[in-house]
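The analysis underlying the following values was restricted to heavy atoms, covering all of them including side chains, and did not include hydrogens, waters or symmetry mates. Chain letters run A, B, ... following the sequence lines, proteins first and then strands; every chain starts at 1.
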Amino acid sequence: MAENEDKKIFTRGNEALAMAAIEAGCRYYFGYPITPQGEIPEYLSRELPKVGGRFLQAESEIASINMLLGAGALGARVMTSSSGPGISLMQEGISYMAGSEIPGLIVNVSRCGPGLGGIAPSQGDYFQATRGGGHGDYRTPVLAPGSPQEMYDLAFLAFDLAFKYRTPVMILADAVIGQMKEQVVRREPLPPAPLPEWALTGADGRASRLLKSLFLAEGELEKQTLKQLDKYHEIERREPRWEEFMTEDADFIVIAFGIIARIAKSSIRMARKQGIKAGLLRPITLYPFPVEPIQKLSARVKKILVVELNTGQMVDDVRLSARPGTGIELYFRSPGAGSLPSLEEIAGEMERRFR
Amino acid sequence: MAENEDKKIFTRGNEALAMAAIEAGCRYYFGYPITPQGEIPEYLSRELPKVGGRFLQAESEIASINMLLGAGALGARVMTSSSGPGISLMQEGISYMAGSEIPGLIVNVSRCGPGLGGIAPSQGDYFQATRGGGHGDYRTPVLAPGSPQEMYDLAFLAFDLAFKYRTPVMILADAVIGQMKEQVVRREPLPPAPLPEWALTGADGRASRLLKSLFLAEGELEKQTLKQLDKYHEIERREPRWEEFMTEDADFIVIAFGIIARIAKSSIRMARKQGIKAGLLRPITLYPFPVEPIQKLSARVKKILVVELNTGQMVDDVRLSARPGTGIELYFRSPGAGSLPSLEEIAGEMERRFR
Amino acid sequence: MKQVFSRPPELIDIPSHFCPGCHHGLIHRLTAEALNFYGLRKKTIAVSSVGCSVFLYNYIDVDTVEAPHGRAPAVATGVRRVLPDRFVFTYQGDGDLAAIGMSEIIHCANRGENITVIFVNNSIYGMTGGQMAPTTLLGMKTATTPYGRNFSNDGYPIRMAEFLAPLEGVAFSARVAVDKIANLRRAKKILFQAFQTQIRGLGFSFVEFLSACPTNWGLSPVEAARKVEQEMIPYYPLGIFKEKKETDHL
Amino acid sequence: MKQVFSRPPELIDIPSHFCPGCHHGLIHRLTAEALNFYGLRKKTIAVSSVGCSVFLYNYIDVDTVEAPHGRAPAVATGVRRVLPDRFVFTYQGDGDLAAIGMSEIIHCANRGENITVIFVNNSIYGMTGGQMAPTTLLGMKTATTPYGRNFSNDGYPIRMAEFLAPLEGVAFSARVAVDKIANLRRAKKILFQAFQTQIRGLGFSFVEFLSACPTNWGLSPVEAARKVEQEMIPYYPLGIFKEKKETDHL
Amino acid sequence: MDNFYTDIIFSGSGGQGVMLIGNALSLAALDRGYLVTYMPSYGVEMRGGAANCTVVISTEAIGSPVIGFPEILVAFNRDSFERFKNRVKPGGTVIVNSTLVPDYRVERKEVRVLPVALNALAQEIGDERLMNIMGLGALVELIAVVGTGDIEKVFPKVLGRNFEKYRDLYLKALRVGAEEIKKIK
Amino acid sequence: MDNFYTDIIFSGSGGQGVMLIGNALSLAALDRGYLVTYMPSYGVEMRGGAANCTVVISTEAIGSPVIGFPEILVAFNRDSFERFKNRVKPGGTVIVNSTLVPDYRVERKEVRVLPVALNALAQEIGDERLMNIMGLGALVELIAVVGTGDIEKVFPKVLGRNFEKYRDLYLKALRVGAEEIKKIK
Amino acid sequence: MGKVVINIERCKGCGLCLEACPKKFLSIGDKRNLNGYYYVQSRGEGECTGCSSCAEMCPDVVIEVWR
Amino acid sequence: MGKVVINIERCKGCGLCLEACPKKFLSIGDKRNLNGYYYVQSRGEGECTGCSSCAEMCPDVVIEVWR
Ligand SMILES: Cc1ncc(C[n+]2csc(CCOP(=O)(O)OP(=O)(O)O)c2C)c(N)n1
Ligand SMILES: Cc1ncc(C[n+]2csc(CCOP(=O)(O)OP(=O)(O)O)c2C)c(N)n1
Ligand code: SF4
Ligand code: SF4
Ligand code: SF4
Ligand code: SF4
Ligand code: SF4
Ligand code: SF4
Ligand SMILES: [Mg+2]
Ligand SMILES: [Mg+2]
């Protein structure tokens, strides 16, 4: 498409992400079809071969994540994408990647569950994404885009983090952010990254290398996990990202992410017109969670309203972050066709609770 | 074995659980080998055929959980067991069972991760178990036995809850509880349970039945999820179980579960001798978490010490449960060979923090 | 005058959600006819799968459980072990059965589970919008093979009926088509044979239906049926690849 | 005097963790010899799997990545796609490859990934303590078939080398044994042939090794080797089942 | 630019080219300096032939691209008319294809219905398939945010080579649609 | 019953019957009214031939069945001796099989070492494999919680039919082990 | 001599039935049903033998046949 | 004429080498190595041809052969 050559394009969130992945140096994609992320493989199957990359439709999500593990072990920038059920199937592989310190990007364009559920947007995979749905003590950075522009931008960030910390990184989007089109401003593609010094390439002129997650000897696994824990602590210190909107003078704060945060912004504008001094804090990184700004705001504001498109998951992190005694309320819509709240609905909740 | 015929037996946790499952009416087992739960399938492959049951070693954990789903859909009492990586692979299936309201018992005799990790005991799957490691908004009751006796007792409870609430139930044990032998007192086997009225049996003399998790029509999934949420709220109200040990006069409380709670009890006895008035709260159900007793205790005691064999997971639930302002500290050992804390070690921590 | 063709009562009388000319509708009807012929409605437990046919239970009036994508054979195994005297069938697409569900179908077949598998090979992922399936023909353009399926990147289209046949547990394996009346009538016979295989307790029976997906093939229904004849059947020959006459394991 | 037999340098000089008489040690050595013969050490990426052979990387001195149980072929595919000019092999047990990893091995084979798979069929789960494998012989007692493997409950032992051979992507498929010197020498030749298949870019190559597990068979090493000859080989015939001489897809 | 906001649902069946005109409108409004979101229906929603998309055009940052209660509905067939007609906001408008929905009726007083016999008119100018473009012409005339000229400019992007080939037809369809609305609005 | 607590690690290689005597001790102590836990090594730990188990006997509820630093170690071979000898608690005891570990040495003063030539003595009474029973006899004599008579009572449970067949041999092994300890403790 | 009864509201106009009719008895008309499909109808010439081919080939089970 | 060099500490006494020796040149002795295995040794009779069979059959690569 001609429009792709411009720096300003009008495009779907899923396509923006796929485009950015290539520009961030991703050359390998392994994935299995699922709605609502279909445009990502569709775009990459067309575009990757043009830049010398490889696209492979894997036979399953389990194969996908393990191909990611194999390709990632060579230091390649590699990604997969899926949704709900597919992401569940990847949990063992993600745990292995985390345990073996192999980077890679996993995109979850979230749909509603549990089970087959439906294909409407959802934030019901928050726990899975932020708590490590797989076994063992690990975390993966989780980035939550709020627009096609951020689908684009966060793909760059995701690869940065993945290689900086040698970890799988998840982008947790939702069906609306993935499917909607909006204007996206592109940046310069990244130059090729140097091969990391741990990458497997064949033991040519050096000792052989090994990437593994099995640590059987006494004390070995504990040491390894504590090393990783240091890494997670560093991530928690250095990498939280969030957006604040009209918080400077706010008496009330809404906390929401992804599509809900977008809608809530409009609600806040509406509420402000009605004289409610509300603001929004939008976590961009769900892990690391933006603890500090919430702590700060919670010391000042009268009430916090958490709005989620699930039955209440992020609210736990807000409670764990806010100062003791902060009034924290939850408004949720359980995801499903037709349950995305409107701006008026959220504004109504603000009215009810902040008045 | 002759000893099995007695009511008092000296047996391994894993065997106690398998035995109890049969006595609780379980007649079907589907599972895939993994350490450290091998004695469960070993026992059941020998004993199930004797009581007219079926034992099938499935080709994988994914097959296992889906066989569970199929057998459970017929209203049968059915179980599987696995550990870490295998449980991760079951997440999609567990989510489907929850979404389709199909009961069944999933046993995780936990080993350490992430990845292949090791086979030492671990509590690193706490998040996965309690937050729904699978996609979507669902929960599964999680029972955490602290002894072979409880491996036995909780198997009965697990089937009770599974059928009462039409939900998969997890028993989250660990390698020590599963492998150790201790005295177990058996009870009378349950009489056969009547077939639930939703069970698939063939549409003979009635309308055909359907068990599914796909709800596509507008509003349908939201309604279904809210119905399930009511169920979870009921579970949270009615089913928390915990043990208190020397809490009546305690100034300090240790909160721990499973093997750690066992060890901590000895540590508390030791601490008491040194004049530290400590007590223990041991959650037996991890979901529903025993919020109320922790709330009550936290209003009274000077400090709470959470002890975990992971890098700190249950501590979140304690923080979410305790009164604001409660002093909550965490002591953890990251799991791995040789990292199980001794009673002296935990006592030392109590000394350090409670003095 | 006598009614010589009517909807079998096992096929619920509602409009279908399938695209015009989609062969799923035909295969659903044949399935209902087979259930009807053998009087199986009251003792059948169906396992639906994930794909365009996920709504099987909206159309076929039997007890049904919905399996996760690819896992119907495992679900059916669970069913079979609990109620060995019921009639059990799965209905699965080619993405479902031959991609993500490969392990489950092979092990189920190898165990000789006494179930019938209705396998709908339309050489594409219908429901998700036309991506390559394991069965997509070489050279065929799909949403994820924009330059045509290429062996050296994507592998060969897989012939499931032949592939499964050598497994000891397989009692019956065949491939049929419903692209025109002669094939359809033969398909019906063969499906009935598969049902009988199960009824007689001979073990695992498998019928692969070549099926048109006009929507994702970008063809009219009539052209799509023609593509089955002209492109699919040459690569996927019709026929019976295995047929046990009696149980060998009892 | 000249040294006529010595440890290949690719086989790291440390004691092995295998039980006495376990054939894994032999298969490791043959693998190291093949790497040595073709000078592959510097350009090899090995994929280890989960089973008694998980410590492959402690013994074979090449770059290695550890795959989750059963997924080595998928991991190898990831490797292969990034570095098409390296030598890539997996080393997998029968539980790993033929049970949990069935889907991955078939799809990898069907894609014709240019890798070599070393498949160790000891008809048992070694590492986890002797449970039934997909390859366990009928009648054999294991930890999970205390009354002997029974077809009607547990299915038939599966012959992977034959099963995979018909797939178009498979360039080479064979079964060998190392129970006695003649078989071992033939095994070595065939393994070398498989390596060559990859080196020549012909596609997927597969060598199934029949292997003794004295520990879980409850036999002495010598008896165990005899069981390979007397019970395994009759059911699992040795031989080459597919051998492509040139690429058909370039 | 003055503060402005509107949202439109285009709705019809699969083959009717609903997505295409939604895209065209979006790009034109974008060129005019508006903020725009476009949200298509997707996945199983599309099975059975339904297709719809929502376009929001605004001068302020747009919250939700998903609109439960649109200001404007453009309904190309009966199904979509029935599905969405009662969701149109009070004060809103429905453009309905009266060829396929001759008995269109909205029970609510506060909603204005503008019938255009799209199939019939499109057939008249030579190709029934142009009905979507004609619908777009009607909509553009109604909202008066972008002109048909703006639409013309983005046509090459969304129609590709077809536009070169059938330029006049497309433009004519656009015009006829606009004129129909002028007549009745 | 007076307050009592002890813990023992039995350790050797796979074939040496370590688990069996751990079980026998556990059952005997249980019969005597003690609380008992038994914890085996398992899984990959056992590959390469190592095997060990830990028995805790107590009058109070037992916390951990896993003991990092045992009061007593019974080591049947060199590997296990080397692995555990430095973990024995100050004041603790090691019973070591001096046939296979002739050069046993514990560097720490506070640990008592009691060598018994188990293989040799077992061979003397007719079957080297009885070394584990002999080791148990030694241990029982040492801890004096249960008597050899108590062990005898549980033997049918843990040895099954073998016990009926070789009853005298087993009892003799038990006795010889106990006597050896008497000599040197 | 046969007769076909077509449930026109269920017809999706796919044309598979007409292809199957040995008598070319059926055709797609120029009227749409409520779902917008041009539905199948008798061509008004030739004769239906009641062979059922059309009905058997209809994926939507739109046709009943009498004979 | 050949010679075998046996790394006795690595030998696990499995006996596969002796089975393989056409000359029955090897046997398991009555001494244990540090790992407790009775290890393999020359029987002290017959003659080694240096054919390598023993070494090739040893899973633990314990034997070197010279000729
Ligand atoms: C685990 C999982 N992965 C992916 C999907 C998405 N999905 C739904 S249907 C389908 C495949 C449909 O293709 P096929 O099985 O061939 O059936 P068809 O629609 O062609 O009849 C896929 C991949 C899913 N629901 N679950
Ligand atoms: C997902 C998962 N399931 C189960 C296991 C446990 N496990 C470890 S090795 C193994 C199988 C070993 O058998 P095999 O592959 O035949 O290798 P062998 O030990 O016989 O050489 C199993 C089931 C695991 N590590 N991961
Ligand atoms: S997409 Fe294809 S398979 Fe699915 S209903 Fe339409 S035609 Fe049938
Ligand atoms: S258990 Fe079996 S396969 Fe594993 S090392 Fe021992 S003999 Fe070999
Ligand atoms: S019944 Fe036969 S002849 Fe009559 S319309 Fe149908 S196909 Fe034609
Ligand atoms: S086959 Fe059925 S749906 Fe298709 S045109 Fe004929 S009657 Fe209509
Ligand atoms: S080299 Fe040959 S002859 Fe010599 S010991 Fe070994 S097998 Fe026997
Ligand atoms: S084969 Fe090797 S390990 Fe076995 S006895 Fe001979 S030298 Fe020792
Ligand atoms: Mg398909
Ligand atoms: Mg094996």
More than 12 heavy atoms of other groups within 6.0 Å of [X] [atom1]:
{"X": "K50(B)", "atom1": "NZ", "answer": "yes"}
{"X": "R355(B)", "atom1": "CZ", "answer": "yes"}
{"X": "F84(F)", "atom1": "CZ", "answer": "yes"}
{"X": "K303(B)", "atom1": "NZ", "answer": "yes"}
{"X": "R129(F)", "atom1": "CZ", "answer": "no"}

- [ ] Test side-chain contact (heavy atoms from CB on, under 4.5 Å) on V36(F) and E182(B) and set out the steps.
- [x] CA-CA 6 Å; V36(F) 181; E182(B) 198 169 32; over 6 Å; no
Open item on the list: Using side-chain heavy atoms (C-beta onward) and a distance below 4.5 Å, is S266(B) in contact with I62(F)?
Closed with: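 Result no, sub-4.5 Å side-chain heavy-atom pair not found.
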Open item on the list: I'd like to check Q179(B) versus P40(F) (side-chain heavy atoms, cut-off strictly below 4.5 Å). Are they in contact?
Closed with: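 Yes, their side chains come closer than 4.5 Å.
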[X] portion near chain F, given a 4.5 angstrom heavy-atom threshold:
{"X": "P148(B)", "result": "neither"}
{"X": "R12(B)", "result": "side chain"}
{"X": "A175(B)", "result": "both"}

Open item on the list: Using the rule given for side-chain contact (heavy atoms from CB on, under 4.5 Å), can you reason through S64(F) versus L340(B), listing the C-alpha separation, both sets of side-chain angles and the distance that settles it, and then say yes or no?
Closed with: CA-CA 9 Å; S64(F) 185; L340(B) 187 71; 3.9 Å; yes
- [ ] Go through P156(F), A61(F), C53(F) and name the one with the most non-hydrogen pairs under 4.5 angstrom from chain B.
- [x]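 Of the options given, most contacts go to A61(F).
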TODO: Go through the steps to decide whether K181(B) and T37(F) satisfy the test side-chain contact (heavy atoms from CB on, under 4.5 Å), and finish with yes or no.
DONE: CA-CA 6 Å; K181(B) 287 190 181 181; T37(F) 65; over 6 Å; no
Task: L35(F), part contacting chain B, at a heavy-atom distance under 4.5 Å - done: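 Looking at L35(F), nothing touches chain B.
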Open item on the list: Between Y42(F) (side chain only) and Q37(B) (backbone N and O only), is there a donor and an acceptor less than 3.5 Å apart?
Closed with: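 Absent.
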Open item on the list: Walk me through whether S342(B) and F69(F) qualify under side-chain contact (heavy atoms from CB on, under 4.5 Å).
Closed with: CA-CA 9 Å; S342(B) 66; F69(F) 303 91; 5.8 Å; no
